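Both backbone and side-chain heavy atoms feed into the values below; hydrogens, waters and symmetry mates do not. It should be emphasised that the depicted structure is a prediction, and the values quoted were computed from it without experimental measurement. Chain naming here is simple, since letters A, B, ... match the order of the sequence lines and numbering starts at 1 in each.
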Number of protein chains: 2
Amino acid sequence: MEILTIQDVSRRSGLSEPTLRYYEDIKLVGPIERDERSGHRRYRARDLDTIEALACLRAVGVGIEDMRTYLANRARGREAAAEQRDLLLRQAVRIEAELAAQHARLGYLREKASLWDARDRGDADAEAEAMRHVVAAVEKLGVLR
Amino acid sequence: MEILTIQDVSRRSGLSEPTLRYYEDIKLVGPIERDERSGHRRYRARDLDTIEALACLRAVGVGIEDMRTYLANRARGREAAAEQRDLLLRQAVRIEAELAAQHARLGYLREKASLWDARDRGDADAEAEAMRHVVAAVEKLGVLR
DNA sequence: GAACACACCTCAAGCGCTTGAGGTCAAACG
DNA sequence: CGTTTGACCTCAAGCGCTTGAGGTGTGTTC
């Protein structure tokens with residue numbers, strides 16, 4: 001029955017100390033026990049388990065409300081397994097879309113950079129060429145119109 | 001010399017109306033002319049040009065301060081071309097890193113989903129197997145320690 | 001025993017927007 | 001000619017944290 005400081009938990013979970021305090025404020029975790037004298041947070045191993053799971057979800061861009069749902073499903077166990085799976089699959093689909101978007105963004109940046117590179121070198125032909133590539137990349141970005 | 005409403009600009013740039021107002025508030029663009037009677041914003045073609053450029057930068061995750069730098073470089077023209085190119089390349093590198101991170105995230109979500117799927121089906125063997133995959137995926141996520 | 005470092009605490013403000021409430025103006029309808 | 005519709009306005013609060021200020025507690029050093 002080990003006791004962990006907020007620093008320990010921060011290091012092991014990858015969440016910052018303010019984030020850990022924040023998660024407690026909004027009752028996503030805890031309430032966490034406190035040291036009588038100092039008022040400092042004292043985490044238990046069970047708290048760490050939960051927090052590590054949340055850290056993974058956060059890393060994949062899951063929002064607070066979905067985290068609450070996740071914890072609730074987890075508490076219900078096998079009974080809510082199908083819902084849990086679907087929640088995770090929906091997130092996976094989201095990430096796939098973002099992945100495609102990132103590719104388009106990268107293309108745009110590279111083309112735009114080479115446009116300014118051509119300008120820097122004073123190469124008018126390369127500049128005109130790069131301009132066309134930028135226009136094409138912007139289309140893929142799907143942002144304008 | 002066409003006049004554009006905020007709605008026009010929103011549609012063409014892909015930025016929401018509140019975002020356009022916000023950008024004016026923080027003096028990233030404008031000040032934009034107003035209709036005498038109604039006080040509504042009236043955009044000119046030059047405004048739209050700037051805003052479209054900002055929309056692309058925003059789409060690729062460039063922050064407000066870097067946008068300011070970008071606009072300043074652009075105003076300086078060829079003279080600041082090298083700086084402009086470097087700013088864009090730095091962003092490209094950032095996106096590449098995020099791309100790799102997204103792959104890891106996607107892997108984690110897929111494995112975790114199949115873990116809960118196994119639980120849902122009550123397949124203990126598949127569950128144990130999926131658990132190992134999850135652990136491996138978490139490593140790649142690089143979040144816990 | 002005083003002074004320091006260090007980990008922790010709380011509280012408030014900032015980021016880059018989004019959402020919503022509440023109100024104004026202009027044209028169109030009955 | 002009153003009213004509805006629609007696009008616009010401003011202002012305030014919310015999101016999910018991060019950053020910073022200002023203060024307390026504990027353990028080590030001189």
So, is Tyr23(A) near the phosphate of dC17(D), with a side-chain N or O under 4.0 Å from OP1 or OP2? yes
Taking OP1 and OP2 of dC17(C), is either one under 4.0 Å from a side-chain nitrogen or oxygen of Ser16(B)? no
dC9(D) OP1/OP2 closer than 4.0 Å to side-chain N/O of Ser38(B): no
Sugar-phosphate, base or nothing in reach of Arg34(B), heavy atoms under 4.0 Å: sugar-phosphate
Of the candidate nucleotides dC8(C), dC8(D), dC17(C), which contains the atom at the shortest distance from the side chain of Gln7(A)? dC8(C)
Phosphate-side-chain proximity, Thr5(B) and dC8(D), N/O vs OP1/OP2 below 4.0 Å: yes
Atom-to-atom span, CZ of Arg11(B) to P of dC8(D) - whole angstrom: 8 Å
How is Arg42(B) classified with respect to the nucleic acid when contacts are heavy atoms under 4.0 Å: base, sugar-phosphate, or nothing? nothing
Can you confirm whether Tyr43(A) sits close enough to Ile51(A) that some side-chain heavy atom of one is under 4.5 Å from a side-chain heavy atom of the other? yes
So, are Asp86(A) and Arg90(A) salt-bridged, with charged N and O less than 4.0 Å apart? no
Separation of Asp25(A) atom CG from dG14(D) atom P, in whole Å? 15 Å
Is a side-chain donor or acceptor of Ser13(B) paired with a backbone partner of Val9(B) at a separation under 3.5 angstrom? yes
For Ile26(A), report the nucleic acid contact type (base, sugar-phosphate, nothing); a contact means any heavy atom under 4.0 Å. nothing
Give the rounded distance in Å between these two atoms: CD of Glu33(A) and C1' of dC8(C). 17 Å
Distance check needed: dA21(C) C1' versus Arg21(B) CZ, whole Å only. 14 Å
Comparing nearest nucleotides in DNA chain D, the 5'-proximal residue of the pair Pro18(A), Arg37(A) is Pro18(A)
Taking only Lys NZ, Arg NE, NH1 and NH2, and the carboxylate oxygens of Asp or Glu, determine whether Arg78(A) and Glu127(B) approach each other closer than 4.0 Å. yes
For Arg41(B) and dC8(D), is the shortest distance between a side-chain N/O and OP1 or OP2 below 4.0 Å? no
Checking contacts here: which listed nucleotide (dT18(C), dT18(D), dC9(D)) is nearest the side-chain heavy atoms of Thr19(A)? dT18(D)
In whole Å, what is the span from the CD1 atom of Ile64(B) to the P atom of dG16(C)? 5 Å
Using atom OH of Tyr22(A) as one end and atom C1' of dT18(D) as the other, report the distance to the nearest whole Å. 12 Å
Checking salt bridge (Lys or Arg N to Asp or Glu O under 4.0 Å) for the pair Asp123(A)/Arg121(A): CA distance, chi angles, key distance, verdict? CA-CA 5 Å; Asp123(A) 182 339; Arg121(A) 298 190 330 264; 3.3 Å; yes
What is the distance, rounded to the nearest whole Å, between atom CD of Glu17(B) and atom P of dC17(C)? 16 Å
Nearest-angstrom distance from the residue atom CG of Leu20(A) to P of dG16(D): 16 Å
